[in-house]
Amino acid sequence: MKHLISLLNLTVDEVHEILNLSRDLKAGWKRRERPALLQGRYLTQVFEKPSLRTRVSFDAAMAQLGGTGLFLSGQDAGLNGRESLADVARVISSYSDAVVLRTFSQKLIEDFASFSKCSIINGLSDDDHPCQALTDILTLQEVWGEVKGKRLVFVGDGNNVANSLAMITSMLGMSMTVCAPRDFELDEDLLQAIRLSFPHSEITQTSDPAAAVANADVVYTDVWASMGQESEADKRNRIFAPYQVNAKLMAKAPTGCLFMHDLPARRGKEVTDEVIDGPNSIVFQQAENRMHLAKGLLVWLLH
Ligand code: CP
Ligand code: NVA
């Protein structure tokens, strides 16, 4: 039984398999094909946090491939202590072919998987967002063909989205620079784990946005206050203000440098309208690709 809990649990070949399936399914979708690859399959989505892209893209992916499913809040599923996690996992997984979990704790997803009879997908935790990072590579492959050797510069908070990007760029031979204020960089433990598996990984960290973007092929940002950090928003807005991705910063990047964002965006905070709506922004291609990646991932997990 296969899961997607963290990208570091996959091999590079498996990452390519998921990306290739997603690309093929997108090409078929454009030809209006709706192959019933998941007919009779059932997906349960259990989310402790809000979601637009993850929830709807998995739902659409199931429907278009002949499957079906259900969404439950964490509370409705009983993750609030109504019963034990083990019991919730055993019961939900006995009805489902796969479960997407969106949680605060990464460990909750790992524990759920240990009791599960079906495939578990990490739909975002405080530490990781593997479906997003896979989608981002699918999107960059569409634009560039080959991603190996390309330079991704992440400007912002070094948490879940940046963590998953650090893993996947190292797996695929890209270089990544994380440009964050002090105390918001990637954790040293994560960097060590990545370097253990991928000794040639090229991840650098800096606090200087202008220097960071000077050689970028793509600049990526994410919200300054993630879900669960709303009470810190004012403080974070002050700390991250010099890290806004605006036209002035993008002018310091090479011509043609792309802009990416996982969305939702706080326009006027981490990114300005002129950048996110500008000609080099590929954010809505990214967002659409969440559905194509969900299809490729589900087919990979369930076949
Ligand atoms: N990018 C992303 O995961 O979006 P949602 O929070 O809307 O699912
Ligand atoms: N870092 C953001 C990502 C949202 C998709 C958050 O966790 O809220």
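Counting starts at 1 for both ligands and their atoms, in listed order.
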Which pairs would a plain distance check flag for residues 245-252, meaning a side-chain donor or acceptor within less than 3.5 Å of a matching protein atom at least two apart in sequence or in another chain?
unit_1 : atom_1 : unit_2 : atom_2 : d
Asn246 : OD1    : Lys248 : N      : 3.3
Asn246 : OD1    : Leu249 : N      : 2.9
Asn246 : ND2    : Gln244 : OE1    : 3.0

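Heavy atoms from other residues, nucleotides or ligands lying under 6.0 Å from NE2 of His200 number 12 at most. When the shell of 6.0 Å around CZ of Arg82 is examined, it contains 12 or fewer heavy atoms from other residues, nucleotides or ligands. In Glu274, the CD atom is crowded: over 12 heavy atoms of neighbouring residues, nucleotides or ligands sit closer than 6.0 Å. Enclosure of atom NZ in Lys269 is not indicated, since only 12 or fewer non-hydrogen atoms of other residues, nucleotides or ligands lie within 6.0 angstrom.
Around ligand 2 you find Leu124, Asn159, Asn160, Val161, Asp222, Val223, Ser226, Met227, Asp262, Leu263, each with a heavy-atom distance below 4.0 Å. Contacts of ligand 1 (protein heavy-atom distance under 4.0 Å) are Ser51, Leu52, Arg53, Thr54, Arg102, His129, Gln132, Asp262, Leu263, Arg290.
By the ring-ring contact (aromatic ring centres under 6.0 Å, His included) test, Phe240 is found to be paired with Phe184, Trp224, residues two or more places apart in sequence or in another chain being considered.
Remark: Arg55 is not positioned above the aromatic ring of Phe47, lacking an NZ or CZ atom under 6.0 angstrom from the ring centre and at most 45 degrees off the axis.
Across all non-hydrogen atoms, the minimal contact from Ser51 to Arg102 is CB-NH1, 3.5 Å.
Residues Glu232 and Arg236 are paired through a salt bridge, judged by an N-O separation under 4.0 Å between the basic side chain and the carboxylate.
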